[in-house]
Amino acid sequence: MERLTEKVFAFNGTSCMQIKDCGNDTCDETCRNRTGNEGCEGCPIQIAIDKLAEYEDLEEQGRLLKLPVAVGDTVYVLAECENIPTQLDGTLYGANGEPGTATGYYCPYEDNCPFDDEDFENCEKFKDKTAVFEDTVLFIACYENEMCVVTEKCAVHSTVGLRIFLTRQEAEDKLAEMEGKNGD
């Protein structure tokens, strides 16, 4: 990565960051035109340049990550029904310790099951079949060599592009590829 910023010395002898190779003394010129003798401190342009310089420093140190998704984003997961934990339909206990509102466990996809069609009788025969499920990012885990996404409903922990996808089409294409390899 080539840096966009560089450290320079302003007219009053203080150091500050400026845009590298921009052709004029951006920081120095801006500081001279300000009222008072404040130097670069507080200058909105300088604040933006300093922020960019900080990001560049972090990138050079290998400490800047670009996340493929954010917590709360919708993703599409390749999963088997057997790997989707059932969820409690309420709370076990109320705030005061009395019995809660739960009546039992349910499949979080019972209203939008990918296997549910006019011939659907029960999900037992689909437990080991892979399908595309819409889910929400719960958190992102960073390891030494990879970044994994964990979703809310599916018990899947994967990198984006392997079992978790940003669009339904990408997930469906991968599922078709997997089924094609299994059918050979």
Side-chain angles (χ1 to χ4, degrees), residues 1-5 48 51-184:
M1 172 211 77
E2 184 180 341
R3 287 192 70 100
L4 301 174
T5 59
K51 189 73 151 181
L52 173 59
E54 180 183 359
Y55 291 151
E56 290 179 323
D57 290 344
L58 291 169
E59 186 173 24
E60 286 176 351
Q61 297 164 15
R63 296 174 46 209
L64 182 68
L65 296 175
K66 182 176 180 181
L67 300 176
V69 292
V71 172
D73 281 359
T74 298
V75 290
Y76 300 89
V77 181
L78 295 182
E80 294 76 30
C81 289
E82 64 191 1
N83 292 328
I84 299 175
T86 55
Q87 296 182 352
L88 195 59
D89 67 354
T91 61
L92 285 177
Y93 300 101
N96 58 3
E98 293 179 3
T101 59
T103 59
Y105 289 89
Y106 70 100
C107 173
Y109 291 100
E110 68 183 24
D111 293 333
N112 59 352
C113 176
F115 298 111
D116 193 2
D117 61 14
E118 60 278 347
D119 296 332
F120 186 79
E121 292 177 25
N122 72 40
C123 60
E124 283 305 312
K125 67 181 182 178
F126 298 105
K127 284 283 189 195
D128 62 343
K129 301 230 184 286
T130 303
V132 176
F133 294 90
E134 185 175 306
D135 208 340
T136 304
V137 175
L138 183 61
F139 66 88
I140 301 162
C142 297
Y143 301 107
E144 187 174 316
N145 295 324
E146 65 183 355
M147 190 178 320
C148 291
V149 175
V150 178
T151 59
E152 286 183 5
K153 297 176 187 172
C154 298
V156 173
H157 177 188
S158 175
T159 57
V160 172
L162 185 61
R163 304 236 349 142
I164 296 176
F165 299 87
L166 305 180
T167 67
R168 180 176 293 281
Q169 187 61 53
E170 290 172 324
E172 289 173 353
D173 291 348
K174 182 66 172 188
L175 180 60
E177 178 186 319
M178 289 169 54
E179 288 174 344
K181 286 181 181 177
N182 292 339
D184 291 342

- Excluding sequence neighbours, so at least two apart, what forms side chain to side chain contact (heavy atoms under 4.5 Å, CB included) with Asp73? Val69, Ala70, Val137
- To the nearest 0.5 Å, atom CD1 of Ile140 lies from atom OG1 of Thr159 at 12.5 Å
- Note on the structure: Between Leu166 and Pro68, the two heavy atoms sitting closest are CD2-O, 3.9 Å
- side chain to side chain contact (heavy atoms under 4.5 Å, CB included) partners of Tyr93, counting only residues at least two apart: none
Would you tabulate the side-chain donor-acceptor contacts of residues 147-157 under 3.5 Å, counting partners in other chains and residues two or more places apart, or write 'none'?
residue : atom : partner : partner atom : Å
Thr151  : OG1  : Asp135  : OD2          : 3.0
Thr151  : OG1  : Cys154  : O            : 3.0
His157  : NE2  : Tyr143  : OH           : 3.2

- Query: Considering all heavy atoms of both residues, which atom of Ala131 and which atom of Leu175 are nearest to each other, and what is their separation?
  - Reply: CA-CD2, 4.1 Å
- Query: Residues two or more places apart in sequence or in another chain: which of them pass side chain to side chain contact (heavy atoms under 4.5 Å, CB included) with Thr74?
  - Reply: Tyr76, Glu134
- Which residue, Lys127, Lys129, Arg163, forms the salt bridge (charged side-chain N to carboxylate O under 4.0 Å, His left out) with Glu80? Arg163
- Note on the structure: Result for side chain to side chain contact (heavy atoms under 4.5 Å, CB included) between Phe165 and one of Val132, Leu78, Val77 points to Leu78
- Query: Please, which pairs that meet salt bridge (Lys or Arg N to Asp or Glu O under 4.0 Å) have at least one residue in residues 96-111, sequence neighbours excluded?
  - Reply: none
- Query: Is the shortest side-chain N to carboxylate O distance from Glu170 to Lys174 below 4.0 Å?
  - Reply: no
- Query: Where do Pro108 and Ile84 come nearest, in terms of heavy atoms and distance?
  - Reply: CG-CG2, 3.7 Å
- May I ask you to test the Phe115-Cys81 pair for a side-chain heavy-atom distance under 4.5 Å? yes
- Message: Once side chain to side chain contact (heavy atoms under 4.5 Å, CB included) is applied, do any residues pair with Gln169, and if so which ones, sequence neighbours excluded?
- Response: Thr167, Glu172, Asp173
- Would you find a donor on one side and an acceptor on the other, under 3.5 Å apart, between the side chain of Thr136 and the backbone of Gly72? no
- Query: Nearest 0.5 Å, what's the CZ-CZ distance between Phe133 and Arg168?
  - Reply: 10.0 Å
